[in-house]
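For reference, the structure is listed below as structure tokens.
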Amino acid sequence: MADSPLVKTYRIQGLSCTNCAAKFENNVRELEGVKDAKINFGASKISVQGSATIEEIEKAGAFDNLKIRGDQEQVKQREPFWKQKENIKVVFSVILLLISWILDSRYADGSIMPVIGYAAAIIVGGYSLFVNGLKNLVRLRFDMHTLMTVAIIGAAVLGEWGEGATVVILFAISEALEKYSMDKARNSIESLMNIAPKEALIRRGHHEMMVAVDEIEVGDIMIVKPGQKLAMDGRIMKGASTLNQAAITGESEPVFKTVEGEVFAGTLNGEGLLEVEVTKRVEDTTIAKIIHLVEEAQAEKAPSQAFVDKFAKFYTPAIMLIALAIAVLPPIVMNGDWSEWIYRGLAVLVVGCPCALVISTPVAIVTAIGNAAKHGVLIKGGVHLEEAGALKAIAFDKTGTLTKGVPEVTDFTVLSDELNEQDVLAIAAALESRSQHPLATAILQKAENHDVDYHSLLVEDFTAITGKGIKGKINQGIYYIGKPDLFEEEAGLVFSDEVLKLISGYQNTGKTVMVLGDQVKLLALIAVSDEIRESSKEAIRKLHALGIEKTIMLTGDNIGTAKAIGAAAGVHEIEAELLPQDKLGIIKQWKQKYDRVAMVGDGVNDAPALAASTVGIAMGGAGTDTALETADIALMGDDLSKLPYTISLSRKTLKIIKQNITFSLVIKILALLLIAPGWLTLWMAIFADMGATLLVTLNSLRLLRIKE
């Protein structure tokens with residue numbers, strides 16, 4: 001649904017059933033003043049386009065006792081499971097059922113006392129079920145409430161009061177436990193919503209005041225005392241401290257930050273007093289974006305869920321027809337007993353309820369995506385979760401992915417007798433100050449460390465030569481800086497054997513070489529080193545252990561540096577000196593060979609390859625908007641060790657989804673096979689349905705236990 005001033009989002013408390021979600025969505029759509037409504041079942045939210053009040057929306061969900069609250073409201077702690085009103089009713093109806101069983105065993109057949117007890121148990125435990133079921137029956141809507149209502153009324157008509165009451169109570173217990181399980185599955189996101197404080201100490205002018213986060217403006221100064229959590233994203237203006245960023249990045253160790261350091265809402269301040277300039281509004285903070293992206297991801301249907309939904313559309317009407325045929329055909333065709341065959345038909349209605357099948361996929365997806373978010377991995381949809389579990393090959397960018405992405409100048413060799421090192425470094429820094437390339441920062445840092453004044457040099461006609469380097473005019477001279485082959489192509493310069501030997505020596509030790517020169521001669525060789533991440537080698541080893549068939553490093557760097565870094569990381573193959581379009585071509589070739597290929601990059605320079613891959617995985621450091629928006633999966637801590645965890649989680653999710661679907665169908669088939677000999681009773685049918693639903697949900701919750 002497109003964003004507009006008329007669209008408001010609300011959180012739903014108590015939503016556990018996909019059929020109920022669909023009914024609630026339709027009810028809200030039918031409200032006066034509402035143009036459209038859309039439910040996100042995984043996140044338990046509804047977006048309403050129109051002018052309906054919270055009270056009106058809540059009334060539309062009264063059939064399932066749904067409660068509504070604003071999207072930005074503090075998440076309320078629900079009452080303990082045994083104190084909730086609907087669960088107290090279930091307990092009371094169970095007591096009535098037990099008393100009725102005792103009375104039934106003591107009184108003779110036909111006694112009215114047990115019947116009254118059973119009827120009371122049915123009314124207490126199944127009142128809301130009947131109301132919804134009868135409404136659906138009138139409108140010819142056939143969902144689980146309709147099926148159960150028909151079955152229970154049929155049992156009462158046949159005089160099977162005990163079984164009817166048992167069906168009601170088992171169904172009520174099933175729904176209560178289902179809600180509990182879904183709340184637990186969603187808890188990972190609910191807990192994220194409460195991580196950041198709802199107010200902060202703000203200094204405006206000379207006054208300090210507590211201000212609600214909704215009223216804090218960009219540019220305000222936030223004062224964060226030791227032991228407090230940050231309420232907003234910002235930049236440290238004064239102070240230094242260690243911050244626990246686990247909620248954002250999944251990092252286990254606190255990170256030390258000082259003046260100019262970027263900090264995030266929801267992180268815990270260690271021992272220092274910080275003054276932080278707020279840089280984002282509350283709805284734009286990193287934690288808010290994470291929550292939004294995860295909730296949107298939970299709303300997207302995975303391929304297996306789409307299959308189940310299509311199957312269920314045909315399955316439910318088919319069950320209704322089968323139940324009708326079983327109840328009617330044997331008495332008409334074979335002179336069977338009407339009571340016996342109607343009873344069997346009712347049992348089919350109950351056991352045929354598709355609850356377990358329909359919930360088999362979404363509860364697994366919700367749980368897995370929520371668990372991943374708590375570990376600093378953003379998976380932007382069930383489809384990407386499933387695809388990650390089926391990957392056969394993974395390609396890695398070098399700079400900022402396998403390496404730290406923080407290059408340093410290790411060697412600066414001047415080749416000209418006319419200029420000294422300061423002059424040459426000033427020209428290089430002036431050119432690189434116009435560039436966005438990661439290696440530019442290394443040269444600028446060296447210039448700053450040596451107090452080189454490069455700001456006074458005017459750079460004109462600046463041009464970036466894709467994949468090669470840059471050029472610009474300084475004091476009427478054209479200068480180039482970039483890869484060695486840039487000079488052969490642009491200036492027609494030929495390198496001496498001595499220079500080639502120097503370049504080769506640097507490259508073979510894993511260093512990247514840049515050449516500075518003009519249209520006539522070379523001025524300097526600049527060797528830059530970018531250390532490999534500590535986590536890279538172990539992450540690659542674990543991926544190979546998981547059965548990933550092929551790993552490859554793609555880089556625009558020279559072959560010598562690429563071989564050194566690739567060997568240290570342990571990848572299977574190395575492709576060097578690539579332009580962005582070359583990386584794209586390799587990904588396309590690999591997809592033809594391996595079917596499913598992931599690309600791991602920084603989310604900016606590797607955009608074409610990321611887009612072409614089956615799953616684009618960004619090394620998305622906290623606060624990196626591009627990585628959050630462009631990739632299918634983002635590793636928030638810039639930590640490759642989270643990649644094997646993500647693959648394991650995805651594979652486990654796929655396995656559990658297949659188990660859930662198979663188990664749901666097998667239970668139904670086995671129960672239906674009991675019809676022929678007449679062994680399937682109503683209470684067995686509801687127990688099979690309830691058991692399947694609970695086991696499917698509990699099986700999915702095992703995904704919460706998967707750790708790095």
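Position 1 is the first residue of the sequence, and the numbers go up from there.
Counting only distance, with no hydrogens or angles, the side chain of Arg281 and the backbone of Val218 share no donor-acceptor pair below 3.5 Å. With hydrogens and angles ignored, the 3.5 Å screen pairs no side-chain donor or acceptor of Lys398 with any backbone N or O of Met553. A donor-acceptor contact shorter than 3.5 Å is absent between the side chain of Thr551 and the backbone of Val571. Remark: side-chain polar atoms of Gln245 are not paired, donor with acceptor, to backbone N or O of Thr267 under 3.5 angstrom. When atom types are taken as modelled, the side chain of Asp233 and the backbone of Thr286 share a donor-acceptor pair closer than 3.5 angstrom. Checking side-chain atoms of Asn269 against main-chain N and O of Lys225 turns up a donor-acceptor pair under 3.5 Å. Between the side chain of Asn244 and the backbone N or O of Leu268 there is no donor-acceptor pair closer than 3.5 Å. Here the side chain of Arg533 pairs a donor or acceptor atom with the backbone of Thr403 at under 3.5 angstrom. Side chain of Ser47 to backbone of Lys8: no donor-acceptor contact under 3.5 angstrom is found. Using a distance-only test at 3.5 Å, with no hydrogens or angles considered, a donor-acceptor pair links the side chain of Thr614 to the main chain of Val597.
Here the side chains of Ile656 and Thr367 are not in contact, with every heavy-atom distance at 4.5 Å or above. Taking the side chain as every heavy atom from C-beta outward, His375 and Leu649 never approach each other to under 4.5 Å. At least one side-chain heavy atom of Lys404 sits less than 4.5 Å from a side-chain heavy atom of Glu534. A 4.5 Å side-chain heavy-atom check between Ile481 and Ile526 finds at least one atom pair inside the cut-off. Using a 4.5 Å heavy-atom cutoff, the side chains of Lys280 and Met232 are not in contact. Using a 4.5 Å heavy-atom threshold, the side chains of Arg705 and Asn371 count as separate. Within the 4.5 Å cutoff, no side-chain heavy atoms of Val255 are placed close to those of Leu243. A heavy-atom distance below 4.5 Å is not found between the side chains of Thr258 and Ile236.
Here the CD-CG distance, from Glu199 to Asp214, works out to 11.5 Å after rounding to the nearest 0.5 Å. Atom CD1 of Ile365 sits about 9.0 Å away from atom CG of Leu703, to the nearest 0.5 Å. Here the CG-CG distance, from Leu385 to Leu654, works out to 7.0 Å after rounding to the nearest 0.5 Å. Taking OG1 of Thr509 as the start and CG of Asp411 as the end, the distance is 7.5 Å to the nearest 0.5 Å. Going from atom CD of Glu277 over to atom CD of Glu260 covers 8.5 Å, rounded to the nearest 0.5 Å. The line from NE2 of His455 to OG of Ser433 is 7.5 Å long, rounded to the nearest 0.5 Å.
Between the side chains of Thr242 and Glu271, a donor-acceptor pair is found at a separation under 3.5 Å.
Counting all heavy atoms, side chain and backbone alike, Val282 lies closest to Ala288 at O-CB, 3.5 Å. Summarising the geometry of Leu230 relative to Pro197, their closest heavy-atom pair is O-CD, 3.3 Å, with the distance given to 0.1 Å. Here the closest non-hydrogen pair linking Arg204 and Glu217 is NH2-N, 4.0 Å. Of all heavy-atom pairs spanning Ala598 and Ser613, the tightest one is C-CB, 4.1 Å. Residue Ala562 comes nearest to Thr555 through the heavy atom pair CB-CG2, 3.7 Å, listed as atom of the first residue, atom of the second, then distance. Nearest approach of Met514 to Ile443, heavy atoms of both residues: CE-CD1, 3.2 Å.
Around CD of Glu58, the count of heavy atoms belonging to other residues, nucleotides or ligands within 6.0 Å exceeds 12.
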Stepwise side chain to side chain contact (heavy atoms under 4.5 Å, CB included) test for Lys542 and Ile647 | CA-CA 10 Å; Lys542 286 182 178 178; Ile647 301 296; over 6 Å; no

Using the side chain to side chain contact (heavy atoms under 4.5 Å, CB included) rule, take Asp530 and Thr512 through it: C-alpha gap first, then chi angles, then the decisive distance, then the call.
-> CA-CA 8 Å; Asp530 184 8; Thr512 300; over 6 Å; no

Do Arg434 and Ile470 pass the side chain to side chain contact (heavy atoms under 4.5 Å, CB included) test, and can you show the C-alpha distance, the side-chain angles, and the key distance before you say yes or no?
-> CA-CA 9 Å; Arg434 304 294 194 275; Ile470 55 177; over 6 Å; no

Derivation and outcome, side chain to side chain donor-acceptor pair (under 3.5 Å), residues Gln422 and Tyr454 = CA-CA 10 Å; Gln422 292 283 97; Tyr454 62 88; over 6 Å; no

Does the side chain to side chain contact (heavy atoms under 4.5 Å, CB included) test come out yes or no for Glu432 and Ser435, once each step is laid out?
-> CA-CA 5 Å; Glu432 292 291 7; Ser435 172; 3.5 Å; yes

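Salt-bridge check for Glu408 with Lys446: failed, with every basic side-chain N at 4.0 Å or more from each acidic carboxylate O.
Of the residues listed (Val211, Val213, Ile223), the one engaging Ile202 in a side chain to side chain contact (heavy atoms under 4.5 Å, CB included) is Val211, and it is the only one.
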